[in-house]
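Okay, structure first, notes after.
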Amino acid sequence: MQDRNARIYAAIAAIPPGRVASYGAIAARAGLPGRARLVGRLLGEVPDGMELPWFRVLRASGHVAMPPGSRGFREQCRRLRAEGVEVVNGRVPLSRFGLDGNLDHALWGWPDA
DNA sequence: CACATGACAGGGG
DNA sequence: ACCCCTGCCATGT
């Protein structure tokens with residue numbers, strides 16, 4: 001059970017800077033296909049201080065998942081732009097920055113393939 | 001124990 | 001491209 005969370009965190013930590021991934025993609029890479037919601041629930045409970053690139057996780061549509069205008073929303077957009085990711089109206093062009101759905105899988109440098 | 005909720009996703013209209 | 005509905009599943013009432 002706890003091991004499950006660890007794998008999800010690992011999947012998120014593996015997203016290269018300047019790129020983004022969807023909740024579903026993270027769940028899949030963590031060996032939990034179809035459990036995107038689980039990933040979202042976990043991100044909502046990331047203990048302060050835990051170092052994790054949570055801001056690189058978006059909806060499958062490329063949208064930032066938090067309520068537009070909310071504190072977290074702005075924080076996420078800010079951090080993404082800080083590393084060169086383009087955010088337009090709370091949305092990121094997955095065609096260019098997305099890790100899933102493209103030919104960029106080679107960039108996921110983790111232990112499987 | 002039944003029911004509502006949620007940082008989700010995919011398919012259809 | 002947007003809205004709605006359905007499938008999912010852990011938590012909280």
Side-chain angles (χ1 to χ4, degrees):
Chain A
M1 179 74 91
Q2 174 55 201
D3 165 56
R4 187 180 60 176
N5 298 26
R7 281 161 39 216
I8 292 178
Y9 289 137
I12 296 173
I15 306 173
R19 316 234 52 185
V20 298
S22 71
Y23 290 83
I26 293 301
R29 304 313 314 202
L32 300 165
R35 270 123 221 213
R37 293 193 95 135
L38 179 55
V39 175
R41 195 179 64 68
L42 238 62
L43 279 161
E45 298 177 10
V46 176
D48 289 22
M50 161 154 44
E51 183 268 295
L52 193 74
W54 56 271
F55 53 90
R56 297 185 189 136
V57 186
L58 309 172
R59 281 195 188 175
S61 62
H63 275 103
V64 167
M66 297 199 234
S70 68
R71 165 130 173 278
F73 176 91
R74 291 190 301 272
E75 172 75 2
Q76 184 161 17
C77 294
R78 186 165 56 69
R79 292 205 179 188
L80 284 172
R81 293 188 177 117
E83 53 180 43
V85 176
E86 184 178 336
V87 185
V88 188
N89 289 311
R91 162 193 253 166
V92 171
L94 297 181
S95 51
R96 277 177 288 157
F97 306 96
L99 219 40
D100 45 317
N102 288 309
L103 325 175
D104 305 300
H105 289 59
L107 293 181
W108 288 89
W110 23 1
D112 67 270

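Residue numbers begin at 1 in each chain, while the letters A, B, ... track the order of the sequences.
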In whole Å, I'd like the distance from the CD atom of A/E75 to the C1' atom of B/dA7. 14 Å
Starting at OH of A/Y9 and ending at P of B/dA7, how long is that distance when rounded to a whole Å? 15 Å
I need the minimum non-hydrogen distance between A/R19 and A/V85, along with the two atoms involved. N-CG2, 4.2 Å
Of all the choices, B/dA9, C/dC2, C/dC9, which nucleotide is nearest to the side chain of A/R35 once you look at every atom? C/dC9
For B/dG6, take OP1 and OP2 only and decide whether either is under 4.0 Å from a side-chain N or O of A/R41. no
Would you classify A/G44 as touching base, sugar-phosphate or nothing, given that sugar-phosphate means primed atoms plus P, OP1 and OP2, and contacts are heavy atoms under 4.0 Å? base
Return the value, rounded to whole Å, for the distance between atom CZ of A/R4 and atom P of C/dA10. 6 Å
Taken to the nearest whole Å, CD1/A/I8 to C1'/C/dC9 is 12 Å
Quick check for you: to the nearest 0.5 Å, what is the distance between A/I26 atom CD1 and A/R56 atom CZ? 10.5 Å
Charged N to carboxylate O below 4.0 Å: is that the case for A/E83 and A/R79? no
Of the nucleotides B/dA7, B/dG10, B/dC8, which one has an atom closest to the side chain of A/L43? B/dA7
Regarding the side chain of A/A65, the nearest nucleotide among C/dC9, B/dA7, C/dA10 is B/dA7
Please classify the nucleic acid contact of A/R37 as base, sugar-phosphate, or nothing, using heavy-atom distances under 4.0 Å. base
To the nearest 0.5 Å, what is the distance between CD (A/E75) and CZ (A/F55)? 9.0 Å
Once rounded to the nearest 0.5 Å, what's the spacing between atom CG of A/L43 and atom CD1 of A/I12? 4.0 Å
For atom CG of A/L42 and atom C1' of B/dA7, their distance in whole Å: 11 Å
Starting from C1' on B/dA7, measure out to CZ on A/F55 and report it in whole angstrom. 15 Å
Of A/E45 and A/G34, whose closest DNA chain C nucleotide lies nearer the 5' terminus? A/G34
Measure the distance from CG on A/L32 to P on B/dC8 and round it to the nearest whole Å. 17 Å
To the nearest Å, how far apart are A/L38 CG and B/dA9 P? 12 Å
